[in-house]
Amino acid sequence: MAIAPTIEGQQYLRDFAVQLLRDAELPHRQVTVLHRDILRRAGIAWQDGQSMASLLSALSQQQLRSLIDQLRDDDQDEEE
């Protein structure tokens, strides 16, 4: 049984994604080419210079989870 996404749940995921971007020392206010590979692997369409807030607010819960997975995977690759 799938749990319906809530506004609070999606906001939590957006905030968590921003925190992961900060931890990875990636820009967290604006989308840049530095995000290209992570967003592509997560299956998210983006534009250079786009506001990160507008990008994240347009994502579904599934896309947010995919982005978070990619950010975590990318962070683990750098630690190894």
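Interatomic distance, Ser60 OG to Gln10 CD, rounded to the nearest 0.5 Å: 7.5 Å. With rounding to the nearest 0.5 angstrom, the CD atom of Gln50 is 11.5 Å from the OG1 atom of Thr32. Rounded to the nearest 0.5 Å, atoms CZ (Arg40) and CD (Gln70) are 12.0 Å apart.
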Output, in order, the C-alpha distance, side-chain angles, deciding distance and verdict of side chain to side chain contact (heavy atoms under 4.5 Å, CB included) for Leu13 and Leu59. CA-CA 10 Å; Leu13 291 174; Leu59 299 179; over 6 Å; no

Between Leu55 and Ile44, does the side chain to side chain contact (heavy atoms under 4.5 Å, CB included) criterion hold? Intermediate values first, please. CA-CA 9 Å; Leu55 173 72; Ile44 298 169; 3.9 Å; yes

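The shortest distance between side-chain heavy atoms of Leu56 and Leu67 falls below 4.5 Å. By the 4.5 Å heavy-atom criterion applied to side chains, Val31 and Leu39 are counted as neighbours. In this structure, the side chains of Arg29 and Met52 stay at 4.5 Å or more apart for every pair of heavy atoms. Leu21 places none of its side-chain heavy atoms less than 4.5 Å from the side chain of Pro27.
Side-chain contact annotation: Arg65 with Gln62, donor-acceptor N/O pair under 3.5 Å absent. With 3.5 Å as the limit, one finds a donor-acceptor pair spanning the side chains of Gln11 and Asp15.
Shortest non-hydrogen contact noted between Ser51 and Ser54 is O-OG, 2.9 Å. Considering all non-hydrogen atoms of both residues, Leu26 and Leu71 come closest at CD1-CD2, 4.3 Å.
Checking side-chain atoms of His35 against main-chain N and O of Trp46 turns up no donor-acceptor pair under 3.5 Å. Gln30 contributes a side-chain N or O that, together with a main-chain N or O of Gly49, makes up a donor-acceptor pair within less than 3.5 Å.
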